[in-house]
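In what follows, a structure is listed as structure tokens, so that the remarks can point back to it.
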Amino acid sequence: MTLNICILETDVLRPELVEQYHGYGRMFERLFASQPIPARFTVFNVMNGEYPPADAQYDAYLVTGSKADSFATDPWIETLKAFLLERYQRGDKLLGICFGHQLLALLLGGKAERATQGWGVGTHEYSLANRAPWMTPEIETLTLLISHQDQVTSLPKDASVVASSEFCPFAAYQIGDQVLCFQGHPEFIHDYSRALLDIRQQHLGEPVYQQAIASLDRDHHGVTVAEWMMRFVAQGTQPAQ
């Protein structure tokens, strides 16, 4: 069984990063190549108005991270929200990362806003509240690379917490077997996180920057989360043609 995944890319990288890292869609393609469930991916940059054809069928839609605020009202964000709501209402599986995690929470009745805790950057550890069958391989705690100043502050009615920390109480959530979202970035690698930190050093302030740089010595579970997401999609799925 090969899963057919639509990646909805919600950003373009800074010009100085494009040559090496290309874009978030490419980062996810590289990440998912490291997990055992076969899947093919099609990337559409919705920020640039790209969407799949109306008759296209996918096993899941993944919404990437973005420098934009999930609670902003830019026309492309409003268009994306309408598209995702239609997908949700017809029962499609939805995956969200960072901006996508926040946008889906907002769309489905939760709340996302600028975090009073300030920027979350570097490597961060979360407790796991839920031990679902798709969470294979098992780990004791979840560690991911992060880069966000917004957070989900209230979950949708039917959502359940998957991962949390004192800094980010709703770091991952699911809604039944249809929606799975993570605040952290499984697609990031340490070099990309370091590049972002260097670009934002002055904005972050020296204490936050130095703490984040030091945290990059730790490993993270990006590949594990990639497998979790594909197992989540695969459960009960008849592959799209």
Legend entry - Full working for side-chain contact (heavy atoms from CB on, under 4.5 Å) between E113 and Q151: CA-CA 6 Å; E113 56 192 327; Q151 290 193 28; over 6 Å; no

Inset, instruction - Dump the intermediate steps for side-chain contact (heavy atoms from CB on, under 4.5 Å) on I97 and M229, then the final yes or no. - result: CA-CA 11 Å; I97 299 297; M229 287 192 286; 4.1 Å; yes

Legend entry - Test side-chain contact (heavy atoms from CB on, under 4.5 Å) applied to F32 and L62, step by step: CA-CA 12 Å; F32 287 123; L62 185 152; 3.8 Å; yes

Legend entry - side-chain contact (heavy atoms from CB on, under 4.5 Å) between K81 and L103, worked out: CA-CA 8 Å; K81 288 166 68 176; L103 188 73; 3.6 Å; yes

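Contact record, V46 with E50: CG1-O, 3.3 Å, taken as the closest heavy-atom pair. When all heavy atoms are compared, the tightest approach of V63 to G100 is CG1-CA, 3.6 Å. Considering all non-hydrogen atoms of both residues, L107 and L84 come closest at CD2-CB, 3.6 Å. Residues G184 and P186 share a closest heavy-atom pair of O-CD, 3.2 Å. Of all the heavy atoms in L142 and A163, the pair that sits closest is CD2-CB, 4.0 Å. What you find for C98 and G65 is that their closest heavy atoms are CB-CA, 4.1 Å.
Counting heavy-atom neighbours within 6.0 Å of Q211 CD, excluding the residue itself, gives a total of 12 or less. More than 12 heavy atoms of other shown residues, nucleotides or ligands fall within 6.0 angstrom of atom CZ in R87. Heavy atoms from other residues, nucleotides or ligands lying under 6.0 Å from CD of Q202 number 12 at most.
Distance alone, capped at 3.5 Å, is enough to place a donor-acceptor pair between the W228 side chain and the P137 backbone. Between the side chain of E9 and the backbone N or O of F44 there is no donor-acceptor pair closer than 3.5 Å. One N or O on the side chain of D59 and one on the backbone of N4 form a donor-acceptor pair closer than 3.5 Å. Q178 places a side-chain N or O within donor-acceptor distance of the main-chain N or O of Y88, the cut-off being under 3.5 Å. In this structure, Q183 contributes its side chain and A171 its backbone to no donor-acceptor pair below 3.5 Å.
The aromatic ring centres of F99 and W76 sit less than 6.0 Å apart. Two rings, from F41 and F28, have their centers 6.0 Å or more apart.
Residues N45 and V12 form a side-chain contact, since some pair of their non-hydrogen atoms from C-beta on lies under 4.5 Å apart. Put simply, the side chain of F232 reaches to within 4.5 Å of the side chain of Q235, judged on heavy atoms. Contact annotation: the side chain of M135 never approaches that of E138 to less than 4.5 Å [non-hydrogen atoms, C-beta and beyond]. Contact check for L104 versus H101: no side-chain heavy atoms found under the 4.5 Å cut-off. Between Y209 and V121 the shortest side-chain heavy-atom distance does not fall below 4.5 Å. Considering only heavy atoms from C-beta on, M230 stays 4.5 Å or farther from P36 through its side chain. A heavy-atom distance below 4.5 Å is not found between the side chains of R40 and L3. Annotation: side chain of M27 is not in contact with side chain of L31 (no heavy-atom distance under 4.5 Å).
Between E227 and R231 a salt bridge is recorded (basic side-chain N to carboxylate O distance below 4.0 Å).
Using a 4.5 Å cut-off between side-chain heavy atoms of Ile, Leu, Val, Met, Phe, Trp and Tyr, with links allowed through other members, V161 and F167 fall into different hydrophobic clusters. I175 and L106 fall into different hydrophobic clusters, where Ile, Leu, Val, Met, Phe, Trp and Tyr are joined by side-chain heavy atoms under 4.5 Å apart, directly or via other members.
Geometrically, K93 does not engage Y61 in a cation-pi contact defined by less than 6.0 Å to the ring centre and at most 45° from the axis.
Atoms SG and CD1, from C168 and I146 in turn, are 7.5 Å apart once rounded to the nearest 0.5 Å. The CD1 atom of I189 sits 12.0 Å away from atom CZ of R194, with the distance rounded to the nearest 0.5 Å. The OG1 atom of T116 sits 12.5 Å away from the CD atom of Q149 when rounded to the nearest 0.5 Å. How far CZ of R131 is from OG1 of T136: 10.5 Å, rounded to the nearest 0.5 Å. Distance check: L108 CG to L85 CG gives 7.5 Å after rounding to the nearest 0.5 Å. The CG atom of L94 sits 7.5 Å away from the SG atom of C181 when rounded to the nearest 0.5 Å.
For S160, the side-chain hydrogen bond (donor to acceptor under 3.5 Å, both in side chains) test picks out no residue, with sequence neighbours left out. Taking the ring pair (Phe, Tyr, Trp, His ring centres under 6.0 Å) definition, one finds that Y24 meets it with nothing, sequence neighbours left out. Evaluation of the ring pair (Phe, Tyr, Trp, His ring centres under 6.0 Å) rule for F71 yields no partner, not counting sequence neighbours.
Residue pairs meeting the side-chain hydrogen bond (donor to acceptor under 3.5 Å, both in side chains) criterion with at least one partner in residues 165-174, sequence neighbours excluded, are H124-S165, N130-Q174. The list of side-chain hydrogen bond (donor to acceptor under 3.5 Å, both in side chains) pairs with a residue in residues 62-71, not counting sequence neighbours, reads T10-T64, D11-K67, D69-R114, S70-Q102.
In this structure, H185 and F188 have parallel ring planes: the angle between them is below the 30° cut-off, well short of the 60° mark. F83 and Y51 have tilted rings, their planes meeting at an angle from 30° to 60° on a 0 to 90° scale.
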Side-chain polar contacts of residues 213-225 - donor-acceptor pairs under 3.5 angstrom, sequence neighbours left out - could you list them?
| residue | atom | partner | partner atom | Å |
| --- | --- | --- | --- | --- |
| S215 | OG | T123 | N | 2.8 |
| S215 | OG | A212 | O | 2.6 |
| R218 | NH2 | E125 | OE1 | 2.8 |
| H220 | ND1 | G222 | N | 3.2 |
| H221 | ND1 | T143 | N | 3.0 |

